[in-house]
Amino acid sequence: LIRALSRYRLVSYRRQGSRSVSSVVQLINDASRLQAHGVDPSDTLAEWHKISERAVVLLEAEPREASSLVWLADAIRSAPLQTGERRSLRILTKLRSHLLEPGVLEEMGDDELCTAVASLKQARLVNQEVAMRVHELMIEGFRHERISLRNLVRLCEGMADFGNMFPRKRWFGDRLARRLVHHRRVLAEQQLLAPALAALGQMTRVDRKAQLRLSDCLSDHIPSMYVAELIHVPRASHVLRLNAEVLALLCSTAAVKQLPAMEPDQLLIFVRGLMKWRVGPTGATHPAVAVFLTETKHHMETLHPVALVRLFRVLTRIRRTQVHETFQGQACLGFTDWMKAFSAALESKVGFLPCDALLLAHVSFGNAFAACRSRQGFFIEAEEIIGPEMKSCSEAVGGEISRQLLMKYQGAHVFDLSGCSVLLRATSMMLQHNLQAVPLAGALFQAVKEVSAGPVEQREADRALIACRKWFAEYRELSCTRTMDAVMPSAVSALTGLLATATPSVSAQAVSAAMTAGSADCSGGVSSWLAPTYLQEWLLWLHRIARERPLVDRESLPGLMLLSKEQADASREIEDWLFSDITQRARDFTDDDVDSFFCYEWGRADPSYERLLECLSECPLGEQASAALRDACWKAPDSAFAH
């Protein structure tokens, strides 16, 4: 709120009588609140889209507010969004088009102009026309020599590609770079040195003498840096090609001391910068992230457990391509030892973790086990990483979550329905390597059932059903019936309680996954945990959505057909509805889709089976799907239509 009010004083002093001032202030206030507190990660982009659409409407109604909406673009620049996600926000493209209109940029002050070009560069929207207009404004009257150092850093960030766009005007970037180097001591005092050097390296090439001078300046200033500046040191060192290993060790030591103060997004920026930054002598360079992991391993016992969980979450978020490019397809040096030390340290401190950190730790372990399955990210050496330490630590986290599920605060569960859904999805990802997570899944299903008995939003119910569908898919894939059968009745009960609230398509997918899992190992029938009472209730639900006639997803059709087959009192209306959906969606079917219709045993001389064959034969199937249909006919020698 303070940040929004400070921007209000900057942008609205000229328009005290404007009706749109309150709308601009409200937009910037909402953006600052979203940036400071955030929402569910899956809803962050949707909230930014809402703010963007409101800003587009305001800009079209009041074109004079373009300079004020620059501060909204600055909030988007600081938001934890991907480049593609930023480009999808219409306000940035609309603002760029409006800034190119005659007289708009000329009326802007230094703060607004430099912030605008930096915000557009973050979304990769600075084209040649924008860059040339800003260049002309800055060289007119030597304006670039009079702007403040903070605005100079913003300008350098926004004009990083100016030399490549206009090779004959590289002197402009060199002039800005010389001013940054000249005022490096002042930049260090204002905590702007690392961002300034990162912009400097992107804008122009630095000779060896200047590299040594800037390296010494960074080394002197790193111990006194705050987190907001320290996270940009790896990126600045990478673009300036500073390969001194002492500098990486100094940066890692400072980062370990300030690790508890780093937010997850800041830590992600820092680690990604370390992966790009290579240090060491020529011909024997290695990524600086290995130095950082070694330094954190030495201080594992003294670090706060929440900081350890955040770091582990960041390491599990790194994609496989980034790690492959960093380590040339080999495993990260020392990551296996780091994982063992981390597991031992976290297991001893798991009782001190708050609920949100417990959830983050469990999700991180789920991602780690899934990465080990596919050998992605840092988890290339899956056999060595998945040891007794990692399994024991994940079980300790799961046990603490189970104890928290039994507690209530003011009559409510510690974890809400969204939290239980996230925990359940992470538990399903662990099953292949750690079946000790099955009891935790039973407690989570029971919590979902109790929470869903009260008022539940449709979005939360959808997430819970998606988590249930993931569980049934893992059950079918692993075929661990003896270990998991005790939990399945709770899973079916939780699924049934959410059908009426969730979206029909999501409910259909969950019911289909349950039916397919229940029939996977039972020829001619379903498993015992699919009680007839649940099947009847699902059939009533199917009758209701059949009357509403929504088109369900094609992946859910086989399971729904099995549900209608298992119930002797299934009406002709449901079969007609399902077969009409098959006919409408047949053009998109593949051979796997056709095979899924025959994943269970249909009875001989079954009328539904005859109708299924006839319906599929009349559909415009592709070559592979037609071959799958012929194979199904060969497997049904007693079928009249097969003959």
Side-chain angles (χ1 to χ4, degrees), residues 309 343 346-351 353 355-370 372-373 386-408 413-453 463-498 510 513-514 517-518 520-521 527-531 534:
V309 170
S343 301
L346 185 63
E347 185 177 0
S348 62
K349 304 175 183 179
V350 71
L353 290 175
C355 294
D356 55 346
L358 277 174
L359 188 147
L360 190 63
H362 192 67
V363 171
S364 302
F365 273 112
N367 292 337
F369 280 113
C372 288
R373 179 192 304 183
I386 301 180
E389 297 88 356
M390 182 176 176
K391 291 183 178 180
S392 177
C393 185
S394 64
E395 292 170 9
V397 172
E400 184 64 25
I401 292 175
S402 299
R403 286 188 288 272
Q404 295 284 348
L405 288 172
L406 300 176
M407 302 178 184
K408 291 187 177 181
H413 282 276
V414 177
F415 295 101
D416 57 0
L417 186 58
S418 297
C420 292
S421 304
V422 173
L423 291 171
L424 183 59
R425 190 165 61 249
T427 305
S428 302
M429 298 165 67
M430 298 181 181
L431 294 178
Q432 186 171 4
H433 295 287
N434 189 12
L435 288 176
Q436 300 299 324
V438 174
L440 173 60
L444 287 171
F445 279 122
Q446 186 64 29
V448 168
K449 180 181 177 181
E450 295 176 2
V451 174
S452 60
R463 291 175 181 169
L465 285 182
I466 291 173
C468 293
R469 186 183 65 183
K470 175 67 174 176
W471 172 267
F472 289 123
E474 291 292 333
Y475 176 89
R476 182 185 176 187
E477 181 178 351
L478 299 177
S479 300
C480 301
T481 54
R482 294 183 179 180
T483 309
M484 301 170 62
D485 273 355
V487 181
M488 302 309 291
S490 301
V492 174
S493 177
L495 186 152
T496 306
L498 294 167
D521 298 327
S527 299
S528 58
W529 46 264
L530 281 175
Y534 292 126

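No hydrogens, no waters, no symmetry mates; every other heavy atom, side chains included, goes into these values. Treat the numbers as computed from the prediction; the structure is a model and nothing was measured.
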Closest heavy-atom pair, Ala467 versus Arg425, reported as atoms and distance to 0.1 Å, is CB-N, 4.2 Å

Separation between CG (Leu405) and CZ (Phe415), nearest 0.5 Å, reads 6.0 Å

In this structure, CG of Leu423 is separated from CG of Leu359 (nearest 0.5 Å) by 4.5 Å

Problem - Note, Glu389 side chain near Glu347 side chain (heavy atom, < 4.5 Å) - result: no

Of all heavy-atom pairs linking Val448 and Cys420, the shortest is CG2-CB, 3.8 Å

| Under a 4.5 Å cut-off applied to non-hydrogen side-chain atoms, are Glu400 and Leu353 in contact? | no

Residues at least two apart in sequence or cross-chain that pass side-chain contact (heavy atoms from CB on, under 4.5 Å) with Ser428, listed by chain then number, are Lys470, Trp471, Glu474

Shortest non-hydrogen pair, Ala510 vs Leu495, comes out as O-CD1, 3.7 Å

| Would you say the side-chain atoms of Ser493 pair up with the backbone N or O of Pro489, donor to acceptor, closer than 3.5 Å? | no

Here the gap from Lys391 atom NZ to Cys393 atom SG, rounded to the nearest 0.5 Å, amounts to 14.0 Å

Determine, stepwise, if the pair Phe365 / Met429 fulfils side-chain contact (heavy atoms from CB on, under 4.5 Å). CA-CA 9 Å; Phe365 273 112; Met429 298 165 67; over 6 Å; no

The side-chain contact (heavy atoms from CB on, under 4.5 Å) partners of Ser452 (sequence neighbours excluded) come to Val456, Leu498

For Leu440 and Ser402 the tightest heavy-atom approach is CD1-OG, 3.3 Å

d(Cys355 SG, Gln404 CD) to nearest 0.5 Å is 4.0 Å

Stepwise, does the side-chain contact (heavy atoms from CB on, under 4.5 Å) test hold for Val451 with Asp416? CA-CA 7 Å; Val451 174; Asp416 57 0; 5.6 Å; no

Discussion item. Would you say that Arg463 contacts Leu417 through its side chain, given a criterion of any heavy-atom pair below 4.5 Å between the two side chains?
Written reply: no

On a heavy-atom basis, the closest approach of Ala361 and Val309 is N-CG1, 3.6 Å

Closest non-hydrogen contact found for Val492 with Thr496 is O-OG1, 2.8 Å

What do the steps show when you test Ser490 against Lys449 for side-chain contact (heavy atoms from CB on, under 4.5 Å), and what is the final call?
CA-CA 8 Å; Ser490 301; Lys449 180 181 177 181; over 6 Å; no

